[in-house]
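Down below is the structure, laid out as structure tokens.
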Amino acid sequence: MKIAVVGAAGMVGSRVLDEAASRGHDLIAVFRNQRPTMLPPGTTSVASDADELSGLFDSADAIVLATRPAPGQEDSVVATTTALLDAAAAADARILVVGGAAPLRNPRHPDRLVIDSPEYVPPAIRPIAAASVAQWEACRTHPANWIYLSPPALLEPGHRTGRYRRGTTTLITDADGASRISAEDLAVAVLDELETPCDTQHFTVGY
């Protein structure tokens, strides 16, 4: 499979590249400003903005959108996502959007979204959480062949175990109430979905 990873220099994108390379896929690493310092052998790297996507994905079977806006630029998320959805539709490629946990339901309060749950979304991160809800809504109304992956509340670098639990629209927590996964195991879930698609457009993972 030829996979284009947008946001290839980031925490998630770089790990998706590594996981995909370990499984023998052909890769296109798309970045905006900072070129990834370490790329798997044979990876094609492309510097591109969201408004310079024409023809970029014509040879791709799948696209992974793994970008994250800089603080203060959260309003750019919907425009960037929509441009990439448009490009995916034009290329007839499947696109997996790595979004946020905010659109999920709170497991202790099913009538409440994570964005409205201060235990998961303190005021400091509410702008990016709100952006992920808007991003999810942009996906829902777009005709591209998309799937939206909501990470758990805590996503950070760690170790690859190859193990995770998968859910749909409710945040996954462990026995202690924590909601987390390593970026490495999130990448495992991304590649599992690309290789063996499930029948849901919105899913989440966690330990």
Side-chain angles (χ1 to χ4, degrees), residues 3 5-20 22 29-32 34 36 38 63-74 76-78 80-81 84 95-108 113-136 139 146-194 198 200-207:
I3 302 170
V5 180
V6 182
M11 177 181 67
V12 172
S14 61
R15 286 156 176 83
V16 170
L17 282 177
D18 289 341
E19 182 67 25
S22 74
V30 183
F31 60 97
R32 183 175 182 182
Q34 180 183 359
M38 297 288 290
I63 302 161
V64 177
L65 171 54
T67 59
R68 183 179 177 88
Q73 297 181 18
E74 291 85 2
S76 68
V77 168
V78 169
T80 298
T81 302
L84 286 156
I95 181 167
L96 188 152
V97 179
V98 181
L104 296 171
R105 298 209 166 270
N106 185 322
R108 295 181 180 177
L113 295 180
V114 168
I115 191 173
D116 298 318
S117 306
E119 67 270 33
Y120 298 119
V121 181
I125 65 169
R126 188 170 177 86
I128 187 62
S132 71
V133 173
Q135 180 187 48
W136 158 240
C139 289
W146 58 266
I147 186 163
Y148 192 91
L149 167 55
S150 283
L154 181 60
L155 173 64
E156 58 187 4
H159 299 289
R160 183 192 188 284
T161 70
R163 300 188 303 272
Y164 61 88
R165 291 188 290 149
R166 177 172 171 141
T168 52
T169 59
T170 298
L171 190 73
I172 292 176
T173 57
D174 62 19
D176 297 324
S179 174
R180 62 185 183 86
I181 199 169
S182 70
E184 289 78 3
D185 281 335
L186 186 83
V188 173
V190 167
L191 267 297
D192 286 351
E193 171 61 31
L194 293 181
C198 293
T200 55
Q201 281 192 291
H202 188 190
F203 78 103
T204 187
V205 294
Y207 290 139

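Remember, it's a predicted structure, so these values are computed and weren't measured experimentally.
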Are the side chains of [X] and [Y] in touch, meaning some heavy atoms are under 4.5 Å apart?
X: I181; Y: I172; answer: no
X: R15; Y: P157; answer: yes
X: R126; Y: I115; answer: yes
X: V12; Y: L155; answer: yes
X: V16; Y: L191; answer: yes
X: R160; Y: D185; answer: yes
X: T170; Y: P107; answer: yes
X: Y120; Y: L104; answer: no

Smallest separation among heavy atoms of [X] and [Y], with atom names:
X: P103; Y: G100; answer: CD-O, 3.2 Å
X: P152; Y: S179; answer: CB-OG, 3.1 Å
X: P123; Y: P127; answer: O-CD, 3.8 Å
X: V114; Y: A101; answer: CB-O, 3.5 Å
X: V78; Y: Q135; answer: CG2-N, 4.1 Å

Donor-acceptor under 3.5 Å ([X] side chain, [Y] main chain):
X: R165; Y: Y207; result: yes
X: D176; Y: A178; result: no
X: T80; Y: V77; result: no
X: T204; Y: S150; result: yes
X: E19; Y: V188; result: no
X: E74; Y: G72; result: yes
X: S182; Y: H159; result: yes
X: W146; Y: C139; result: yes

Inter-residue atom distance [X].[atom1] - [Y].[atom2], 0.5 Å rounding:
X: L65; Y: I63; atom1: CG; atom2: CD1; value: 9.0 Å
X: Q201; Y: W136; atom1: CD; atom2: CH2; value: 7.0 Å
X: L186; Y: R180; atom1: CG; atom2: CZ; value: 13.5 Å

Among V6, V98, I95, whose side chain to side chain contact (heavy atoms under 4.5 Å, CB included) with V64 holds?
V98
Partner of I3 by side chain to side chain contact (heavy atoms under 4.5 Å, CB included), out of L194, L96, L17, V190
L194
Go through the steps to decide whether N106 and E119 satisfy the test side-chain contact (heavy atoms from CB on, under 4.5 Å), and finish with yes or no.
CA-CA 10 Å; N106 185 322; E119 67 270 33; 2.9 Å; yes
Electrostatic pair E193-R166, nearest N-O below 4.0 angstrom
yes
